[in-house]
Amino acid sequence: MEELRIFAPATVANLSCGFDVLGCCLESVGDEMTVRKNDLGKLQITKITGQDLPLEVGQNVAGVAVQALLDEFGSDEGFDIEIHKKIKPGSGIGSSAASSAGAVYAVNKLLGEPFDKTQLISFAMQGELLASGNAHADNVAPALMGGFSLVRSYCPLEVLALPVPEELRMVILHPLIEIKTRDSRSIIRQTVSLKSAINQWGNLASFISALYTSDYDLLGRSLVDEIVEPVRSILIPYFRELKTLSLECGALGFGISGSGPAVFAICKGDEVAINLKEEINTFYHQKGIDFELHVSKINKEGVKVL
Ligand code: HSE
């Protein structure tokens, strides 16, 4: 195998109750990448379409993630990486994670799969470190594993795959303003009260339970974030109104996707999701804000070969 073309999916991190530890993978949005072996004995980013991003390996999230993998492998194999961006950087749906996860997945395959999923997550986290100053795994893990992922521990890294209730649908609204993860992390308070911590771990635990039991109402009640959302939501136009609209239209829950500005509404079934998409479309058009809007199933597969 000399060349692979892959789909690298978008992801929703945090899911309100699991800041930096919980995320899920989307089906209908993602980048495409082509990775091929070269005879030069070096890694290069040969082409990027769709966005203006650096080609230098050390400044590109896919470049640093693959370099981490190659350093560990001890290989002098060379690779060319082409990235066709469909996910806008600074959108909140894991743009950097898709590039990092997609690149390490493809290179690992071309090398004969020397590394397991957990190792690939740790390499891809180097891309997140470059992009945001923090090596979180809650986008790269679901991008690589599909479904819902829980980071039980960062040191040592341990990531769990969680079940996906069949009828879950995500409505994703991306207001076309850019919020850099690095910036939106810098505004979060560094300490949490015991009362908030108790509420938060109760909700995270019940969210996990709801995934195992397909208890959609419990899942919705668990989508609470009293730590990060109160601060970050200020940056998102009409966040409160969107949340009220979504819940009135029957969404199970609503929150910020990753570091925003994208927001998500989790719904049960296509009908609620498609109707909510229409309602949000009308609402945001009236406000005169440019946006993108998607309905997606939860992608159980993650990164895949095309
Ligand atoms: N957990 C990270 C954050 C995800 O919220 O900063 C970034 O997409």
Side-chain angles (χ1 to χ4, degrees), residues 8-26 29-31 51 53 61-62 64-65 85 87-102 121-122 124-145 148-155 157 159-160 162 170 172-175 177-192 196 200-201 203-204 207 223-236 239 253-264 292 294 296 299 302:
T11 44
V12 175
N14 300 335
L15 293 164
S16 302
C17 55
F19 179 70
D20 272 3
V21 298
L22 187 64
C24 72
C25 188
L26 298 177
V29 198
D31 295 342
Q51 292 295 326
L53 293 166
V61 296
V64 299
K85 291 299 293 177
I87 314 171
K88 291 189 172 57
S91 57
I93 51 171
S95 178
S96 55
S99 298
S100 307
I121 292 167
S122 72
M125 285 164 64
Q126 295 307 307
E128 298 294 66
L129 180 61
L130 177 72
S132 71
N134 185 75
H136 47 270
D138 50 345
N139 289 110
V140 293
L144 282 159
M145 295 167 68
F148 288 90
S149 307
L150 175 74
V151 184
R152 188 206 62 82
S153 160
Y154 272 97
C155 194
L157 184 64
V159 182
L160 308 179
L162 303 170
M170 285 287 205
I172 306 288
L173 167 69
H174 172 207
I177 53 172
E178 185 178 351
I179 298 180
K180 289 199 163 64
T181 300
R182 188 182 291 273
D183 297 334
S184 70
R185 291 186 79 87
S186 71
I187 61 173
I188 300 170
R189 279 172 291 144
Q190 293 300 306
T191 53
V192 174
S196 291
Q200 201 77 11
W201 59 56
N203 282 307
L204 178 57
F207 185 90
L223 285 171
V224 178
D225 176 3
E226 54 180 82
I227 295 172
V228 175
E229 184 179 292
V231 184
R232 283 185 171 172
S233 59
I234 294 162
L235 304 173
I236 300 167
F239 181 86
F254 178 92
I256 303 172
S257 175
S259 54
V263 290
F264 69 92
E292 289 175 355
H294 312 277
S296 178
N299 172 350

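In what follows, every heavy atom counts, from backbone to side chain, and hydrogens, waters and symmetry copies are set aside. Counting starts at 1 for both ligands and their atoms, following the listed order. The first residue of the sequence shown is numbered 1, and numbering continues consecutively from there. All values reported here derive from a predicted model rather than from experimental measurement.
Close approach of ligand 1 to Asp20 is summarised as follows: ligand atoms under 4.0 Å from at least one heavy atom of the residue are 1 (N), 2 (C), 3 (C). Annotation for ligand 1: atoms under 4.0 Å from non-hydrogen atoms of Thr181 are 6 (O), 7 (C). Remark: ligand 1 atoms within the under-4.0 Å shell around heavy atoms of Phe19 are 3 (C), 5 (O), 6 (O).
Side-chain contact between Leu22 and Phe207 is present, with heavy atoms from C-beta onward closer than 4.5 Å. When side chains are defined from C-beta on, Arg232 does not count as touching Phe239, because their heavy atoms never get closer than 4.5 Å. Counting heavy atoms from C-beta outward, Glu226 and Gln200 have side chains that approach closer than 4.5 Å.
Residue Asp138 touches ligand 1 through its side chain alone, judged by heavy-atom distances below 4.0 Å. Neither the backbone nor the side chain of Val228 comes within contact range of ligand 1; no heavy atom lies under 4.0 Å.
Contact annotation: Arg232 has at least one heavy atom less than 4.0 Å from an atom of ligand 1.
We find that Lys88 and Glu292 are joined by a salt bridge, their nearest charged nitrogen and carboxylate oxygen being less than 4.0 Å apart. Between Asp20 and Arg185 there is a salt bridge, since a side-chain N of the basic residue sits under 4.0 Å from a carboxylate O of the acidic one.
Ser259 and Thr181 share a donor-acceptor pair across their side chains, judged by distance under 3.5 Å alone.
In this structure, atom 8 (O) of ligand 1 lies nearest to the protein heavy atom Asn139 OD1, 2.8 Å.
Comparing Arg182, His136, Arg185 against atom 3 (C) of ligand 1, the shortest heavy-atom distance belongs to Arg185.
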